[in-house]
Amino acid sequence: MRRFSNILFLTTILAFTTNCYAETLYIFYPVTVRSHILQNKMRDACPDIEIKLFGKNRDFTKAVKTTPPDAVLSKQFVLKQLNNFEIKLSGVNKGNTVEPYVLLSVDKNIDINTINSTSLGVIDYLGRQGMKDLISNFFPKPPKLKRTTKVEDLLPLLTFNMADSIFISKSQVKYFQKISNMNFVVTNLSNVNIGIAGLAVKKGGTATLTINSFKGLNNEILSMLGVEGWK
Amino acid sequence: MEIMSINIDKKCKNSLIMILAAIAVLLFPLLSDARDPVLIVKPEASAFEDVKNVIADELGDEFVIKELTISSKTQKDRFANHINDVSPKLVVLMDNKAIGLFKYYQSLPHGKASNVPSIACMGVFVEKAISGIKNSTGVSYEVPPVTSIVGLRVISKKKISKVGVIHREFMNEYLKKDIAYCKREHTELIPYSIPGEKNHSKLVKKGLKYLIKRKSIDVLWVPNDSALLKPDIIKNIWVPMIDKYKIPVIVCVGTLASTKINLGSFAVLPDHEGIGRQVAEMVFEVRDNKWSTEGLDVVPPLSVYKIINLPLAEKSMGIKQGYIGTIDHILE
């Protein structure tokens, strides 16, 4: 009886201390809802996957380096910077894995030719230097950047004239028009098409469970991620 | 032969010493910390510690972070000596006490770092507090009403076009900017200014009647002014009036939205992590601006923390459940 209770006790301890998850997934993907909402929804949809959500590039890159997960969800240009990961699924909108980006300003047009004399609000996906390098790809004479970590924090940059415009996907224009009554002006950018969400898997791994879970994500979560499906 | 070998040994030794000295001179810049020092002056409390940690994390790669914890007992001269010892390239001043100490430091004739740029944060009315300090800027702690109104409008079923605010006269100047920001959002911010330092209960009641009945406001925004938010005024004036007319109220302090007090349906507070990031970003901007704060105005907090008193909010304005995900903390 005593031996049985000892075995039971040890088994209980083991059950609580051992990682019960089959795979781990890191998410670094600022969305318009609070991050804990996305995290909870993803956990409900992927119960056998340990999911960790990151709000800052610094924390995310450190974690990927020190405790690499089986898979990562982020913007494609972020995933391409991760050395040991390979994109297996690309988010799709209207059949495209890339989406056009625009400049959103208030009460004024933005002249692309003189954008280097303006300030531009951006979501900080890549850190200070990384974002400078990314934006330089689109604007050879780049503007001064104002970085935020949340989509909604781009709006006060315009409200308080802290930035002349913000750099967002065309699909995000509707979000800002919904939450604000300011007189928005959209400046289309020719040839600025950026990859939407992507799921990357650690090289040498398969993350089969994560991939299959992603293919079965419901419309509510897909909408939070700004995609219609995966390719 | 013996004498020759001794001379050769001495020559080798001297050459070796010279080589090592040359290596040391070449390596010294690499071994010593070439990063610019940033001094963060802060009180003890955890809120300041949180902001300091974010700043240190953001700046740690490119700056050496030094810290000075102050209290009400910190003596001005000791503070001045510390700044001289650290010789920072920039000072971050958290709280009005730190701002006051630095102002004193700048007044000293021999302050080594008196023209050093400073960035103030986590204080009351930072813009006013730093007036008189040379080469300074900051991030204010007060969340502007327009930010709170936009946040509330997203989840409110009730249409919001008129927002009332009862305030003491000293806020007149601040509200001018706020009125303009709200106008851009097609929202009218209607102030009711309370003169003097007496009869606040009576005047708050008069103000509420004016805003609710005469001006037909949709929402009330209540700034964090302890003189108008004494417990007896909250209990006897604010809550009964708001309850009677079912006016949704935006407050700037979390406790006022609690289900025990039931004053605020919605509380919007500055996000401390966001303030830390803004300050860090400003440090880079000042550095890029050749250590000058010229052209860098005091800015409001970008990132906020939203709390909703759900029962009160449902009663006073109705909630769009689909947007509850924009709220950080729901009180039920």
Side-chain angles (χ1 to χ4, degrees), chain A residues 30-41 54-59 61-62 105-108 119 121-124 127-132 144-163 166 175-184 220-221 223-224, chain B residues 54 57-62 139-140 143-155 160-161 177-178 180-187 271 273-274 276-278 280-285 288-289 295-306 320 322-330:
Chain A
V31 292
T32 55
V33 296
R34 287 300 187 252
S35 54
H36 68 272
I37 302 279
L38 176 63
Q39 185 161 294
N40 290 342
K41 298 272 180 200
F54 296 88
K56 288 195 296 186
N57 163 269
R58 186 181 285 270
D59 296 340
T61 45
K62 189 179 174 185
S105 51
V106 175
D107 294 333
K108 62 185 178 191
S119 53
V122 296
I123 296 176
D124 187 11
R128 194 161 185 264
Q129 191 56 50
M131 287 311 294
K132 269 189 189 171
K144 192 168 151 186
L145 298 185
K146 299 270 187 182
R147 298 176 296 143
T148 72
T149 55
K150 288 189 258 173
V151 175
E152 71 173 45
D153 293 348
L154 289 172
L155 181 67
L157 287 176
L158 296 176
T159 306
F160 303 113
N161 303 313
M162 291 164 69
I166 57 176
Y175 162 77
F176 288 97
Q177 287 171 333
K178 213 182 250 186
I179 65 168
S180 171
N181 291 336
M182 288 197 289
N183 176 32
F184 290 119
E220 188 190 12
I221 298 177
S223 171
M224 282 182 191
Chain B
V54 172
D57 192 42
E58 295 286 323
L59 298 181
D61 291 345
E62 298 191 45
V139 179
S140 60
V143 176
V146 66
T147 304
S148 306
I149 292 163
V150 166
L152 181 66
R153 202 170 52 198
V154 168
I155 54 159
I160 300 170
S161 58
K177 264 195 206 170
D178 290 328
Y181 291 135
C182 287
K183 196 174 175 186
R184 285 218 300 181
E185 282 287 351
H186 299 199
T187 304
D271 171 27
E273 200 173 307
R277 278 196 302 275
Q278 270 184 267
E281 198 67 9
M282 272 187 149
V283 173
F284 285 116
E285 283 185 275
D288 293 347
N289 207 29
L296 296 174
D297 295 332
V298 172
V299 293
L302 290 177
S303 197
V304 296
Y305 187 84
K306 299 178 214 163
K320 290 180 201 162
Y323 290 91
I324 208 80
T326 60
I327 305 298
D328 293 282
H329 189 51
I330 300 170

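- With respect to B/D61 and A/R58, a salt bridge is recorded, a charged nitrogen being found less than 4.0 Å from a carboxylate O.
- Sparse packing is recorded around OH of B/Y323, with 12 or fewer heavy atoms of other residues, nucleotides or ligands lying under 6.0 Å away.
- Residues A/D107 and B/R184 form a side-chain contact, since some pair of their non-hydrogen atoms from C-beta on lies under 4.5 Å apart.
- Every residue meeting the side chain to side chain contact (heavy atoms under 4.5 Å, CB included) condition with A/H36, not counting sequence neighbours, appears here in chain and number order: A/R34, A/N40.
- Using a 4.5 Å cut-off between heavy atoms, A/M182 touches chain B through backbone and side chain atoms alike.
- Among B/E281, B/E273, B/K183, the residue making the largest number of heavy-atom pairs under 4.5 Å with chain A is B/E281.
- No more than 12 heavy atoms of other residues, nucleotides or ligands sit less than 6.0 Å from atom NZ of B/K177.
- With a 4.5 Å cut-off on non-hydrogen atoms, B/I327 touches chain A through its backbone but not through its side chain.
- Only the side chain of A/R128 comes within contact range of chain B, with heavy atoms under 4.5 Å apart.
- Only the backbone of A/T32 comes within contact range of chain B, with heavy atoms under 4.5 Å apart.
- Of the listed residues (B/D328, B/V154, B/D271, B/V150), the one with the most heavy-atom contacts under 4.5 Å to chain A is B/D328.
- The CZ atom of A/F160 sits 8.0 Å away from the CG atom of B/L302 when rounded to the nearest 0.5 Å.
- If you measure heavy-atom distances from B/E58 to chain A, the contacts under 4.5 Å come from both the backbone and the side chain.
- Per-residue counts of heavy-atom pairs under 4.5 Å with chain B were compared for A/T148, A/I37, A/T149; the largest is that of A/T149.
- With a threshold of 4.5 angstrom between heavy atoms, A/L155 approaches chain B through side-chain atoms but not through N, CA, C or O.
- No part of A/N57 comes within reach of chain B, as not one of its non-hydrogen atoms sits under 4.5 angstrom from that chain.
- For the pair A/N181 and B/R153, the minimum side-chain heavy-atom distance is below 4.5 Å.
- A/K146 has its side chain out of reach of B/V299: every pair of non-hydrogen atoms, C-beta onward, lies at least 4.5 Å apart.
- Taking NE2 of B/H186 as the start and CG of A/N183 as the end, the distance is 7.0 Å to the nearest 0.5 Å.
- Residues passing the side chain to side chain donor-acceptor pair (under 3.5 Å) test with A/K56: none are found, sequence neighbours excluded.
- Rounded to the nearest 0.5 Å, atoms CD (A/Q129) and CD (B/E62) are 8.5 Å apart.
- Note on B/E285 versus A/K144: salt bridge recorded, some NZ/NE/NH1/NH2 to OD/OE distance being below 4.0 Å.
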